Amino acid sequence: MDLKIIVEQLTVLFFLMAIGFLINKLGILNKEYNKCISKLLLTIGIPGLLISSVANGNPFENNYDIFNVLYVCTIIHIFVIILALVVTKLFRFGNTASVYRFMYVFPNAGFIGFPVINAIFGPEALIYATVFQLPSNILCYTYGIYLMSGMGFNKNEALKSILNPCIVAALIACSLCILDIHLPSLIIESGSYLGSITTPLGMVIIGSSLASCEIDVRKIDVRLYINILIKMFLLPILCYLFLSLICNDAILIAVLTITFGLPAATNTVVFANLYNKDIELASEGVFITTVMCLFSIPIICSLLLI
């Protein structure tokens, strides 16, 4: 990784976010448009990006290396779940502990994660981000629901939520890797064109969504700021140290380290609303972590280069 190139790529992404913020304030985009474009990206944009990332077959030396990647991605989730439990116990959050834990465990690995990983490492590294989505989504709609609801989860509803277009595309991409299948040029180009809308539109929608938030940062609980600093800076460092003990794939370690330094998933707000948790806290957490990533990601990348 070249830090100068990374900063340049991230600057482009953040410039796109600024454009989204501006055109929302000008009235060109609003919450309804944001919702429609988000659905477009989740349905065809990100799936196209995932499948086109493995268009030339298996990028690994061994066809079954992908299972090792899946293993590491699963283990790091368990590690973060334990860390989140410890941190929230120390702060004694009470009823809001579940919202904090959700923010720690589930980063925005889709809308922000894919463009950032693509910009920093190139499309070849997207297979790591793709595999990451499998345990992340399964945990989100099982453990995540358990966290927010305080009860068990409906298996049918969880399965329906897990089998979304992004996960189906991730499963297809993983299958293409395992079987080392080279797709026809027609499918490759189609997927590439569809995937190419993900980065610009995704970042524009993030900026527009930030513009739609009505949050008074002066009234936010100081403990939220402290935990955001822990999530955005300390958590990635701890993940890096842990991953260095169980994995020798430098790119996988870097991708997962940066991924857990990403903003809290937007599902934090969705689930808080659905299960009557602190919606204001969830919204504040997603908003501030999204803004904070403008500074945290370059710092994490510079630390990875040391």
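None of the values given here were measured: they were computed from a predicted structure. Position 1 is the first residue of the sequence, and the numbers go up from there.
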Contact check, side chains of F121 and L126, non-hydrogen atoms, under 4.5 Å: no
Listed once per pair and sorted, the side-chain hydrogen bond (donor to acceptor under 3.5 Å, both in side chains) pairs that draw on residues 27-45, sequence neighbours left out: N34-S208
Sidechain-backbone polar pair: S192 side chain, I188 backbone, donor-acceptor under 3.5 Å: no
Close aromatic pair by centroid cut-off 6.0 Å: F260 and Y240: no
Separation of L262 CG from F114 CZ (nearest 0.5 Å): 10.5 Å
Exercise: identify the closest heavy-atom pair between A169 and I51: O-CG1, 4.0 Å
L49 CG to T198 OG1 distance, which is reported to the nearest 0.5 Å: 5.0 Å
For the student: nearest non-hydrogen atoms of P236 and I230, plus distance: CD-O, 4.4 Å
Path from Y193 to L50 over hydrophobic side-chain contacts below 4.5 Å: no
Contacts of I23 that satisfy side chain to side chain contact (heavy atoms under 4.5 Å, CB included) - sequence neighbours left out: I19, I28, L29, V204
Near-ring test Y143/H77, centroid separation under 6.0 angstrom: no
V269-F287 co-clustered via ILVMFWY side chain contacts under 4.5 Å: no
Results of ring pair (Phe, Tyr, Trp, His ring centres under 6.0 Å) for F102 - residues two or more places apart only: F106, F271
Sequence neighbours excluded - side-chain hydrogen bond (donor to acceptor under 3.5 Å, both in side chains) pairs with any residue from residues 108-134: Y128-D249, Q133-N137
Between CD1 on residue I288 and CE on residue M232, distance to nearest 0.5 Å: 11.0 Å
Distance, nearest 0.5 Å, that separates CG of L234 from SG of C239: 9.5 Å
Residues which pass ring pair (Phe, Tyr, Trp, His ring centres under 6.0 Å) with F15, listed by chain and number, not counting sequence neighbours: none
Side-chain touch I187/P184, heavy atoms, less than 4.5 angstrom: yes
Contact check, side chains of I206 and I112, non-hydrogen atoms, under 4.5 Å: yes
Got a list of side-chain donor-acceptor pairs under 3.5 Å for residues 81-101, not counting sequence neighbours?
{"residue": "T88", "atom": "OG1", "partner": "A84", "partner atom": "O", "Å": "2.8"}
{"residue": "T88", "atom": "OG1", "partner": "L85", "partner atom": "O", "Å": "3.1"}
{"residue": "T88", "atom": "OG1", "partner": "R101", "partner atom": "NE", "Å": "2.9"}
{"residue": "T96", "atom": "OG1", "partner": "F93", "partner atom": "O", "Å": "3.2"}

Donor-acceptor pair, side chain of S136 and main chain of F132, under 3.5 angstrom: no
Spacing of C73 atom SG and I78 atom CD1 [to the nearest 0.5 Å]: 11.5 Å
Closest non-hydrogen atom pair between I300 and G261, with its separation: CD1-CA, 3.9 Å
For the student: nearest non-hydrogen atoms of I253 and S244, plus distance: CD1-CA, 4.1 Å
Donor-acceptor pair, side chain of N227 and main chain of R223, under 3.5 angstrom: yes
Residue pair I258, L304: steps toward the side-chain contact (heavy atoms from CB on, under 4.5 Å) verdict: CA-CA 9 Å; I258 291 171; L304 288 171; 3.9 Å; yes
Inter-residue atom distance N248.CG - L243.CG, 0.5 Å rounding: 11.5 Å
Common cluster, L281/I279, ILVMFWY with side-chain heavy-atom separation under 4.5 Å: no
Qualifying residues under side chain to side chain contact (heavy atoms under 4.5 Å, CB included), relative to L70, sequence neighbours excluded: T74, V131, L134, P135
Listed once per pair and sorted, the side-chain hydrogen bond (donor to acceptor under 3.5 Å, both in side chains) pairs that draw on residues 265-283, sequence neighbours left out: Y141-N267
In one Ile/Leu/Val/Met/Phe/Trp/Tyr side-chain cluster, 4.5 Å: L179, V69: yes
Side-chain polar contacts of residues 289-297 - donor-acceptor pairs under 3.5 angstrom, sequence neighbours left out - could you list them?
{"residue": "T289", "atom": "OG1", "partner": "A264", "partner atom": "N", "Å": "3.1"}
{"residue": "T289", "atom": "OG1", "partner": "G285", "partner atom": "O", "Å": "2.7"}
{"residue": "T289", "atom": "OG1", "partner": "V286", "partner atom": "O", "Å": "3.1"}
{"residue": "T290", "atom": "OG1", "partner": "V286", "partner atom": "O", "Å": "2.6"}

L13 versus A119, closest heavy-atom pair with distance: CD1-CB, 4.1 Å
Least distance between heavy atoms, L16 atom then P200 atom: CD1-CA, 3.8 Å
